[in-house]
Amino acid sequence: MATTTARKTSTKSSPVRIAVIGGGPKAAAIAAKAKVLRDLGKANIQVTIFEAEHIGAFWSGRQTGYTDGEQRLCTIAERDVGYPYNSMFGSEVDTAMASNFSWGTFLHGRTPGYEHGYSTWVDAGRKPPRHKHFADYLQWVIDESEASVVYERVTALDKETDGKHWRIDSRKADGSASTHRTRFNAVVVTGPGPANRLAIKPAKGAIVPESRIFNGSSFWSRRNEVLEALDTATKENSYSNNPIVIVGAGGTAAAILSWLVANGARDLPIQMVAGQPTLYTRVDSVFENRLFTDDEQWLTLSSEMRKAFFDRLNRGVVWATVMDHVSSATNFTMVVGRAQTIRVSKSGDIELSVKRDDGVTVGLRPSMLIDASGFNAWWFLSLVQGLPALPAAKSKRAKQRDQWQINMGNGLQLAGQPWDTYPPLHAPMLSSNLGPGFGSLMVLGAMADRVIKAHT
Ligand SMILES: Cc1cc2nc3c(=O)[nH]c(=O)nc-3n(C[C@H](O)[C@H](O)[C@H](O)COP(=O)(O)OP(=O)(O)OC[C@H]3O[C@@H](n4cnc5c(N)ncnc54)[C@H](O)[C@@H]3O)c2cc1C
C-alpha cells in the first residue's frame, strides 16, 4: 500500500488506546482512520481489535454469521470505510483515506484473487460486492491499518481502579482464558448481537427436532441440514400440510427467503410470520440518503421523527435488490401477528403459536421453522462488570435502554448513569438517535470520526 506521505506521527504524546470488539466493518473503519491520523500527525490513536473467529467472520460465509457469503451487500461498494469523505479531521484525511483504504484501491491492489478486480467490477456494472468479497476487503483494510488483532472472544470488560481505563478478559479458541496487560482508554462494541430465539417448549418426553428448527444465524452455518430437511420434506410430500415458516420480515428473514427460493423452495409453501401485512421495499433514494450525511438536519428532528425515519428504513424492510430475488416465490404468504412459543409434541411435531393481529391465536405446523426474529443489540451488557442490575420487568428494562440511547454522547458513547462512572464505551449500533447510519454500512467513515474525535 502507498503510505500516507505527510507529517510523521507525533510520538510525543502517549497514544490513546482503543479496543474494538469484533473484526467487522466498524473495526476496519476505525483502524483505517486511526492509521491515517497517525501518519498525518493529527492524532496518536492505537487500535486493538478483538475478534472471536476471523476478520469479517459475519460476512465470509465460512463459519458463523448471517450469510452464505454469496449474497450481495444491499448498499453500494462506494460506501466503503471512508464514506462519506467529509471528515471532521480535514480534507487531507479524506484524500488519504480514499487513496489508501477505499474499495477502488483494494481492487487496484492486485491482491490474489482480485488481479483485474477494478475492471472486472466496472465491466460487471459496479454491483454491490458479495459478502465474501466484502470480508476480503475488510481483511485487507485491517492488514493495511497495522491495527493489532487479538483472535480471542471477549468475556469481560472491567474498569480499572482509576476509573479511566478498561481491562479486557477474553478466551482463546481452545477455551483458555487471558487477561490483557494493555489498559484501554475506550472500548467500542460492534456487531448486531446474537440472534433472538423464541422459547421452545417440548411436551414431556418429546425430543426437539433440532434438524428442522433454525435461527437467523444457525440457518447459515447449518445449510447442509437445511438442504436435507428440504429434500426429506419434498420426498415425503409433507409440504401440503406443513409449510416452511420464517419468523420475521427484516433483512435477515428476506436473505433467508432469497436463499430458499434459489435452492429448491421456489414453489413450496412458505409462510412468513411478522407484525406487518407485507414485505416493504427499500430503494436507494436520494432524499432518504441525504439524511444519512446531513447531521445538522438530523438534529432539527424530534426523537419521534428520528425513530420513525430509522424504523422506516431499517425495520421490516427489504432492499429492492433482494426483493427481485424473493419475488419469484410462487407460494408465499404472510401471517400477520406475533410468534409466541414453539411447542413440540411427543411425536416430534412442531407447532408455532401465533397471536394474530385480530387477537386470534393460531397454531402453525411447519415442516421447517426458521426463527429470524431479530438480534440482541445490547448483548455486550453481560460483559460489563459491576453494572447495576437492570429492572426485572421487560417494559422497565426497555425504558431504561431507550433512555441510554437518548443520552448517548456525540462520540457514540453511552452516557449518564451508570456510564459516567466507566471509561468510554462506544456502541455505534445503538446510535440511531444521533444519526440514522452510524450502526450500519451507510457512513462508516463518519462513524469512525465520531468515535476517534471523542479522544482527541
Ligand atoms: C446478513 C446481513 C447483511 C447486511 N447487509 C447490510 C448492507 O448491505 N448494508 C448495510 O448498511 N447494512 C447491512 N447490514 C446491517 C449492518 O450494517 C451490519 O450488521 C453491521 O454493520 C455489522 O458490522 P459490525 O462492524 O458492527 O460488526 P460485524 O461485522 O457484525 O462483526 C461482529 C464481529 O464480532 C465478533 N464477535 C462477536 N462477539 C465477540 C466477542 N465477545 N469477542 C470478540 N469478537 C466477537 C464476531 O465474530 C464478528 O466477526 C447487514 C446485516 C446482516 C446481518
Side-chain angles (χ1 to χ4, degrees), residues 19-31 48-77 79-81 83 127-132 134-135 137-139 141-142 149-157 168-173 178 187-195 216-217 219-220 248 250-256 258-259 282 284 289 292 313-315 317-319 321-322 372 374-377 379-380 382-384 412 426-431 436-444 447-448 451:
V20 186
I21 318 296
K26 292 194 187 67
I30 293 167
T48 302
I49 299 166
F50 287 81
E51 168 53 54
E53 300 193 16
H54 56 269
I55 297 299
F58 282 3
W59 304 90
S60 68
R62 273 194 263 152
Q63 288 158 347
T64 51
Y66 306 102
T67 176
D68 58 356
E70 295 297 330
Q71 316 241 341
R72 289 187 188 277
L73 285 186
C74 303
T75 37
I76 55 176
R79 287 189 186 275
D80 57 20
V81 296
Y83 193 82
K127 289 199 185 82
R130 294 189 191 281
H131 290 165
K132 64 182 182 187
F134 185 59
Y137 167 62
L138 298 178
Q139 177 74 65
V141 169
I142 288 172
V149 183
V150 179
Y151 288 100
E152 296 178 13
R153 180 174 295 280
V154 172
T155 51
L157 300 171
I168 295 186
D169 290 347
S170 59
R171 202 178 313 118
K172 297 190 173 80
S178 324
V187 165
V188 185
V189 286
T190 71
S217 172
F219 177 87
W220 299 106
T252 307
I256 286 168
S258 171
W259 188 92
R282 163 130 196 237
D284 227 354
N289 284 344
F292 284 85
L313 268 63
N314 290 287
R315 304 232 182 280
V317 286
V318 178
W319 279 82
T321 41
V322 178
F375 306 98
N376 174 15
W379 66 276
F380 59 89
S382 62
L383 303 182
V384 182
L412 316 180
H426 302 266
M429 300 304 286
L430 298 166
S431 63
F438 301 128
S440 67
L441 311 184
M442 289 297 283
V443 287
L444 286 167
M447 180 278 309
V451 169

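Residue numbers start at 1 and run along the sequence shown. Just follow the structure's listing: the first ligand is 1, and inside any ligand the first atom is 1.
Distances between N or O atoms of Val154 and those of ligand 1 include at least one value under 3.5 Å. Residue Ala27 has no N or O atom closer than 3.5 Å to an N or O atom of ligand 1. Close N/O approach between Gly23 and ligand 1 is not found [any backbone or side-chain N/O within under 3.5 Å]. For a threshold of 3.5 Å applied to N or O pairs, the pair formed by Lys26 and ligand 1 contains at least one separation below that value. In terms of polar-atom proximity, defined here as any N/O pair under 3.5 Å, Leu383 makes no such contact with ligand 1. Below 3.5 Å of separation, one finds an N or O of Ala52 facing an N or O of ligand 1. Considering backbone and side-chain atoms together, Thr75 places an N or O closer than 3.5 Å to an N or O of ligand 1.
Residue Thr67 does not touch ligand 1, judged by heavy-atom distances below 4.0 Å. When non-hydrogen atoms are compared, ligand 1 lies under 4.0 Å from the side chain of Trp59 (C-beta onward) but not from its backbone.
For atom 15 (C) of ligand 1, the nearest protein heavy atom lies 4.0 Å away or farther. By the definition of a contact as any protein heavy atom under 4.0 Å away, atom 35 (C) of ligand 1 is in contact.
Residue contacts with ligand 1 include Glu152, since one of its heavy atoms falls under 4.0 Å from the ligand. Look at Gly56 and you'll find every heavy atom at least 4.0 Å from all atoms of ligand 1. Under the 4.0 angstrom criterion for non-hydrogen atoms, Ala255 is not in contact with ligand 1.
Of the protein's non-hydrogen atoms, Arg153 NH1, 3.7 Å is the one closest to atom 38 (N) of ligand 1. Atom 8 (O) of ligand 1 has Cys74 N, 2.6 Å as its closest protein atom, hydrogens excluded (heavy atom only). In this structure, atom 1 (C) of ligand 1 lies nearest to the protein heavy atom Tyr66 O, 3.0 Å. Looking only at heavy atoms of the protein, atom 10 (C) of ligand 1 is closest to Leu441 CG, 3.4 Å. When hydrogens are left out, the protein atom nearest atom 47 (O) of ligand 1 is Glu51 OE2, 2.7 Å; that is the closest non-hydrogen contact.
For the pair Arg79 (side chain) and Met442 (backbone), a donor-acceptor distance under 3.5 Å is present. In this structure, Ser60 contributes its side chain and Lys132 its backbone to no donor-acceptor pair below 3.5 Å.
Of the candidates Pro25, Ser382, Gly24, it is Pro25 that places a heavy atom closest to atom 23 (O) of ligand 1.
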